Trainee: 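The following block contains the structure, expressed as structure tokens.
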Amino acid sequence: MLNYYPLLFVFLWSTGFIGAKYGLPYAEPLTFLLLRYCAVIVLMSAFALLAKAKWETKPSQMFHLAVAGSLIHGCYLGGVFVAISLGLPAGVVSLIVGMQPLLTALLAPIVVGERMRPIQWLGLLLGLVGVALVLSQRIHSGFALHGLYWALGALLGITVGTLYQKRHCAHFDWRTGAIMQFIGAAVVTLPVALMIEHFHVQWTGHFLFALSWLVLVLSLGAVTLLNTLIRSGTAVNVASLFYLVPPATALIAWLMFHESFTLVQTLGLAVAVTGVAIARR
């Protein structure tokens with residue numbers, strides 16, 4: 001069953017951009033995320049209590065889980081959502097955060113002691129080329145520079161957070177651990193939201209659908225898979241999967257919103273898949 005987890009993770013994670021497209025017109029980005037985090041904490045707490053899941057008792061481990069969550073969810077999602085809300089095209093955001101596998105490969109030897117083989121470097125470079133091809137027709141429009149800073153923060157958040165979790169949170173109950181992670185995300189998001197937002201929400205059907213999707217499918221489904229993959233694989237292998245997210249997102253957008261998906265993008269998808277397959281060998 002584990003062999004199917006990477007593909008399922010890529011598909012579920014890719015729908016996050018679709019959820020943002022539906023929900024962001026009706027709520028400020030960090031307000032949207034805070035509602036998402038709070039809903040996940042409540043639902044997962046109820047589930048953990050019913051399942052009699054093991055709760056972490058060591059303060060140091062609780063701290064590590066909260067830090068990993070603040071980076072993987074708070075910094076990454078906050079950066080992506082704010083960047084898109086500021087007018088940075090989703091294609092540009094995808095391309096920036098899509099550099100995570102290369103950045104992870106550079107940092108992994110220092111942080112977790114993982115060494116890359118030459119064939120894996122080739123795979124990562126091919127994956128980056130594939131992502132660039134997929135997004136080549138989506139990154140030419142002008143955009144504000146301040147949105148770029150948030151996207152770069154998202155890239156650092158997901159990269160450092162994945163490595164941090166790999167090093168400090170090797171074993172934890174996925175139910176109670178997720179609660180600690182989303183508490184950490186909420187703690188770092190709330191002060192920033194208080195400074196730059198007004199907590200305005202339009203409770204439309206579209207917004208409720210987007211919020212429900214992001215809570216149930218992304219935060220509970222995809223994040224659980226991500227934690228499983230981080231625990232069972234190398235940091236670089238997990239990071240390489242993020243090369244498939246922009247092509248998968250473009251494909252989903254083509255199916256759902258009739259956005260263009262050209263021959264060049266199809267070629268890019270094939271190159272990205274090939275690169276990821278090589279990098280994960």
Side-chain angles (χ1 to χ4, degrees), residues 13-14 16-17 19-21 23-24 27-37 40 63-108 110-111 128 131-132 135 138-139 141-169 181-199 214 218-219 222-223 226 230 235 238-243 245-246 249:
W13 195 268
S14 300
F17 284 96
K21 184 181 181 71
L24 280 177
E28 294 168 296
L30 298 184
T31 300
F32 190 2
L33 288 174
L34 281 171
L35 289 170
R36 173 181 176 180
Y37 300 153
V40 173
F63 173 78
H64 288 317
L65 286 168
V67 170
S70 69
L71 292 168
I72 294 175
H73 308 305
C75 293
Y76 169 72
L77 293 175
V80 167
F81 274 51
V82 173
I84 292 175
S85 72
L86 290 174
L88 195 65
V92 177
V93 178
S94 297
L95 185 59
I96 292 172
V97 298
M99 291 189 290
Q100 186 217 350
L102 280 178
L103 188 57
T104 299
L106 292 173
L107 296 178
I110 302 171
V111 180
L128 184 61
V131 170
L135 300 175
R138 298 168 177 258
I139 62 175
S141 57
F143 50 84
L145 190 61
H146 52 292
L148 191 62
Y149 299 146
W150 286 90
L152 290 172
L155 169 63
L156 290 175
I158 190 67
T159 303
V160 176
T162 301
L163 291 170
Y164 187 94
Q165 180 168 320
K166 182 67 178 178
R167 179 169 181 174
H168 296 289
C169 312
Q181 287 188 325
F182 280 101
I183 288 175
V187 166
V188 299
T189 302
L190 180 58
V192 182
L194 287 170
M195 289 188 291
I196 66 174
E197 295 188 355
H198 301 90
F199 298 96
L214 293 180
L218 267 293
S219 296
V223 171
L226 177 61
I230 291 174
V238 175
S240 67
L241 294 174
F242 285 88
Y243 274 151
V245 172
T249 301

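What's counted below: heavy atoms across the whole structure, side chains too, no hydrogens, waters or symmetry copies. Predicted, not measured: the structure shown is a model, and the values here were computed from it.
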Trainee: For the CD1 atom of Ile72 and the CZ atom of Phe182, what is their distance to the nearest 0.5 Å?
Mentor: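 Reported to 0.5 Å precision, the distance equals 9.5 Å.
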Trainee: State, to 0.1 Å, how close Gln181 and Leu65 come at their nearest heavy-atom pair, and which atoms those are.
Mentor: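 Result for this residue pair: CG-O, 3.3 Å.
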Trainee: Roughly how far, to the nearest 0.5 Å, is OH of Tyr76 from OG of Ser70?
Mentor: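 Going from the OG atom of Ser70 to the OH atom of Tyr76 covers 15.5 Å.
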Trainee: State, yes or no, whether a side-chain contact exists between Phe81 and Arg36 at a heavy-atom distance under 4.5 Å.
Mentor: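 When only atoms from C-beta onward are counted, Arg36 and Phe81 do touch, with a gap below 4.5 Å.
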Trainee: Between Trp13 and Ala222, what is the shortest heavy-atom contact and its length?
Mentor: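 Looking at all heavy atoms of both residues, the closest pair is CE3-CB, 3.9 Å.
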Trainee: Throw together a table of side-chain donor-acceptor distances under 3.5 angstrom for residues 152-159, partners on residues two or more places apart or in other chains.
Mentor:
residue	atom	partner	partner atom	Å
Thr159	OG1	Leu155	O	2.8

Trainee: Indicate the ring-plane relationship of His64 and His168, choosing parallel, tilted or perpendicular according to the 30° and 60° boundaries.
Mentor: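 Judged by the thresholds at 30° and 60°, the geometry between His64 and His168 is parallel.
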Trainee: As an exercise, state the distance from CG of Leu218 to CG of Leu77, rounded to the nearest 0.5 Å.
Mentor: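 If we round to the nearest 0.5 Å, Leu218:CG and Leu77:CG are 8.0 Å apart.
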Trainee: What are the two closest heavy atoms between Phe32 and Ala27, and how far apart are they?
Mentor: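 Looks like CB-CB, 4.2 Å.
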Trainee: In Å, rounded to the nearest 0.5 Å, how long is the span from CG of Leu71 to CG of Leu163?
Mentor: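 Taking CG in Leu71 and CG in Leu163, the distance rounds to 10.5 Å.
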Trainee: Just to verify, what does Ser14 make a side chain to side chain contact (heavy atoms under 4.5 Å, CB included) with, not counting sequence neighbours?
Mentor: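 Result, side chain to side chain contact (heavy atoms under 4.5 Å, CB included) vs Ser14: Val10, Val245, Ala248, Thr249, Ile252.
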Trainee: Return a table of donor-acceptor pairs under 3.5 angstrom between the side chains of residues 186-199 and protein atoms on other chains or two or more places apart.
Mentor:
residue	atom	partner	partner atom	Å
Thr189	OG1	Ala185	O	2.7
Glu197	OE1	Leu30	N	3.4
Glu197	OE1	Thr31	N	2.8
Glu197	OE1	Thr31	OG1	2.8
Glu197	OE2	Leu30	N	2.8

